[in-house]
Amino acid sequence: MRHLISPLDYSTSELDHLMDVANDIEKNPEKYAHACAGKKLATLFYEPSTRTRLSHEAAMLNLGGSVLGFSSANSSSASKGESVADTIRTVSCYADIAAMRHPKEGAPLVASLYSSIPVINAGDGGHQHPTQTLTDLLTIRSLKGRLEDINIGLCGDLKFGRTVHSLIEALVRYKNVKFYLISPDELRLPDYIREDVLDKNHVFYKEVVRMEDALPNLDFLYMTRVQKERFFNEEDYIRMKDFYILDTKKMALAPKDMYVLHPLPRVNEISTEIDNDPRAAYFKQAQYGVYIRESLILDLLNIRV
Ligand code: NCD
């Protein structure tokens, strides 16, 4: 049995297959409409979510399956002190596959060790977010036609942003991807990723504080929210939260064919005036998140269409 815990759990050729199926789902949704009839997805969310939870649910519903779950730790037996191990053993009796989001790094991995159904890591603390990465890869490949030879700027909270951590790990496997790491000093990419992932793979990267210093070079600008819930004190958050605001003035410095991505939710880091710019691709990205999760669910359940 297979799980998705880390963005490296699928090889690049397996990812190609997942993305091919996702593109086919986009084109021929009716072909897949009953593929998961009789199957159930459990969403176990110990942390807030809109897109990740609802897109997993929408994916399962689009495949003709059904969904059950909880959307906060308070409404589950975690509030009574139940362990993740016991919860997943129980949920294994009720569902065929589970997606789990948890504030503790490694919780979905622990769940997978006790589970008799496939477990999807839907975000674990400041660590990883592999299904967002699948979404991002599908978006990049669909918009640009390739994952190699791209210049990507990752901007904002590179310290706590799990989407950035997972995306870097996944992208270093493709040829000639150049990273521009745009962050304030306090929110730089953690050493364990800079050294163990970027340096070790001899990948080109440049750390800059000013967005303007990277913008003209980019094929993709991946904006992120300052991760309020991971800060130890509120003053630091308030100082950092509006460090970057992408507006029309800044977009004028970017190439005409540069796409703006964001895992969402957005707070102030992308001005709403950008939403109608043809380069704004973050809502399209959310749509791709449904297709790739459909493809992932089919794969984890071993269903071929
Ligand atoms: C991200 C997350 O939860 O890490 N959101 C998402 O899943 N699309 C990003 C964020 O919350 O800032």
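- Of all non-hydrogen atoms in Tyr288 and Thr135, the two that sit nearest each other are C-CG2, 4.3 Å.
- Here the side chain of Tyr180 pairs no donor or acceptor atom with the backbone of Glu207 at under 3.5 angstrom.
- Looking at Thr163, its side chain never comes within 3.5 Å of a backbone N or O of Pro263 through a donor-acceptor pair.
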Could you go through the side-chain hydrogen bond (donor to acceptor under 3.5 Å, both in side chains) check for Ser115 and Arg89 one step at a time?
-> CA-CA 6 Å; Ser115 181; Arg89 277 190 280 218; over 6 Å; no
Trace of the side-chain hydrogen bond (donor to acceptor under 3.5 Å, both in side chains) decision for Glu148 with Asn176 = CA-CA 6 Å; Glu148 299 84 25; Asn176 197 28; over 6 Å; no
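- Environment of CZ in Phe204: crowded, with over 12 heavy atoms of neighbouring residues, nucleotides or ligands closer than 6.0 Å.
- A donor-acceptor pair under 3.5 Å links the side-chain atoms of His165 to the main chain of Leu158, judged by distance alone.
- Taking 4.5 Å as the limit, every side-chain heavy atom of Thr131 sits out of range of all side-chain heavy atoms of Ile292.
- Relative to the six-membered ring of Tyr10, Arg2 meets both conditions, a distance below 6.0 Å and an angle of at most 45° to the axis.
- Using a 4.5 Å cut-off between side-chain heavy atoms of Ile, Leu, Val, Met, Phe, Trp and Tyr, with links allowed through other members, Tyr244 and Ile152 fall into different hydrophobic clusters.
- For the residue pair His56 and Leu41, the shortest heavy atom distance occurs at O-CD2, 3.3 Å.
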Worked verdict on His17 versus Asp20 for side-chain hydrogen bond (donor to acceptor under 3.5 Å, both in side chains) | CA-CA 5 Å; His17 174 72; Asp20 290 345; 5.5 Å; no
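- Shortest non-hydrogen contact noted between Ser295 and Val21 is OG-CB, 3.5 Å.
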Could you walk me through whether Leu181 and Leu198 pass side-chain contact (heavy atoms from CB on, under 4.5 Å), step by step?
-> CA-CA 11 Å; Leu181 306 172; Leu198 293 173; 3.9 Å; yes
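- Inter-residue side-chain proximity for Cys155 and Tyr222 is flagged as unmet; no heavy-atom pair is nearer than 4.5 Å.
- If you chain together hydrophobic residues whose side chains sit under 4.5 Å apart, Tyr282 and Ile150 never meet in one group.
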Going through the distances and angles, do Met223 and Leu246 end up as a side-chain contact (heavy atoms from CB on, under 4.5 Å)?
-> CA-CA 9 Å; Met223 294 296 295; Leu246 183 66; 4.3 Å; yes
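- Ser75 places a side-chain N or O within 3.5 Å of a backbone atom of Ser72 that can act as its donor or acceptor partner.
- Linking ILVMFWY residues whenever their side-chain heavy atoms come closer than 4.5 Å, directly or via other members, places Phe70 and Val119 in the same cluster.
- Of the possible polar contacts, none joining the His102 side chain to the Gly123 backbone as a donor-acceptor pair under 3.5 Å is found.
- Expressed to the nearest 0.5 Å, how far NZ of Lys206 lies from CG of Asp213 amounts to 7.0 Å.
- Residues Cys36 and Ile297 meet the side-chain proximity criterion, which asks for heavy atoms closer than 4.5 Å.
- For Phe232, the CZ atom is loosely surrounded, since the number of other residues' heavy atoms within 6.0 Å does not exceed 12.
- Atom OH of Tyr291 and atom OG1 of Thr139 lie 11.0 Å apart (nearest 0.5 Å).
- The salt bridge (charged side-chain N to carboxylate O under 4.0 Å, His left out) search around Lys31 returns Asp24, not counting sequence neighbours.
- Residues Pro265 and Arg225 come closest through the heavy atom pair O-CD, 3.5 Å.
- Side chain of Asn151 to main chain of Leu218: no donor-acceptor pair is present (N/O by atom type, distance under 3.5 Å, no hydrogens or angles).
- Counted by atom type alone, Arg173 and Asn201 present zero donor-acceptor pairs between their side chains at under 3.5 Å.
- Side-chain contact between Tyr205 and Leu189 is absent, with no heavy-atom pair separated by less than 4.5 Å.
- In this model, a donor atom of one side chain and an acceptor atom of the other lie less than 3.5 Å apart for Asn268 and Asp242.
- Remark: the backbone N or O of Phe45 is not paired with any side-chain donor or acceptor of Glu47 at under 3.5 angstrom.
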Verdict with reasoning, Glu235 to Arg239, per salt bridge (Lys or Arg N to Asp or Glu O under 4.0 Å) | CA-CA 6 Å; Glu235 276 158 48; Arg239 208 157 36 78; over 6 Å; no
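- Residues Asp124 and Met100 have side chains not in contact (no heavy-atom distance under 4.5 Å, counting atoms from C-beta outward).
- Rounded to the nearest 0.5 Å, atoms CD1 (Ile97) and CG (Leu296) are 6.5 Å apart.
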Working for side-chain contact (heavy atoms from CB on, under 4.5 Å), residues Thr87 and Tyr46 = CA-CA 12 Å; Thr87 301; Tyr46 298 82; 3.5 Å; yes
Kindly determine whether Asn121 and Gln128 satisfy side-chain hydrogen bond (donor to acceptor under 3.5 Å, both in side chains), including the steps that lead there.
-> CA-CA 8 Å; Asn121 176 2; Gln128 299 277 14; over 6 Å; no
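- Under a 3.5 Å cut-off, the side chain of Arg162 and the backbone N or O of Gly125 do form a donor-acceptor pair.
- For the residue pair Glu269/Thr224, the side-chain donor-acceptor check at 3.5 Å is not satisfied.
- With ring centers used as reference points, Tyr237 lies under 6.0 Å from Phe231.
- Residue Leu221 holds its CG atom at 11.5 Å from CG of Asp219, rounded to the nearest 0.5 Å.
- Looking at Ser55 and Arg293, their side chains do bring a donor and an acceptor atom within 3.5 Å of each other.
- When every heavy atom of Ile117 is checked against every heavy atom of Val91, the shortest pair comes out as CD1-O, 4.2 Å.
- For the pair Ser83 (side chain) and Asp86 (backbone), a donor-acceptor distance under 3.5 Å is present.
- A salt bridge is absent between Asp149 and Lys178: the closest approach of a Lys/Arg side-chain nitrogen to an acidic carboxylate oxygen does not fall below 4.0 angstrom.
- The heavy-atom pair separating Pro29 from Glu26 by the smallest distance is CD-O, 3.7 Å.
- Remark: the backbone N or O of Met251 is paired with a side-chain donor or acceptor of Arg279 at under 3.5 angstrom.
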Please step through salt bridge (Lys or Arg N to Asp or Glu O under 4.0 Å) for the pair Arg266 and Asp275, ending with a clear verdict.
-> CA-CA 11 Å; Arg266 139 178 75 185; Asp275 293 355; 2.7 Å; yes
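- Residues Lys228 and Lys241 are not in side-chain contact: their nearest non-hydrogen atoms beyond the backbone lie 4.5 Å or more apart.
- The CZ atom of Phe243 sits 8.5 Å away from atom CG of Leu187, with the distance rounded to the nearest 0.5 Å.
- Ile182 places none of its side-chain heavy atoms less than 4.5 Å from the side chain of Val209.
- In this structure, the side chains of Ser11 and Glu14 come closer than 4.5 Å at one or more pairs of heavy atoms.
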Yes or no on side-chain contact (heavy atoms from CB on, under 4.5 Å) for Leu143 and Lys284, after CA distance, side-chain angles and deciding distance?
-> CA-CA 10 Å; Leu143 294 175; Lys284 216 180 267 174; 4.0 Å; yes
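- Taking CD from Glu273 and OG1 from Thr248, the interatomic distance works out to 3.5 Å, rounded to the nearest 0.5 Å.
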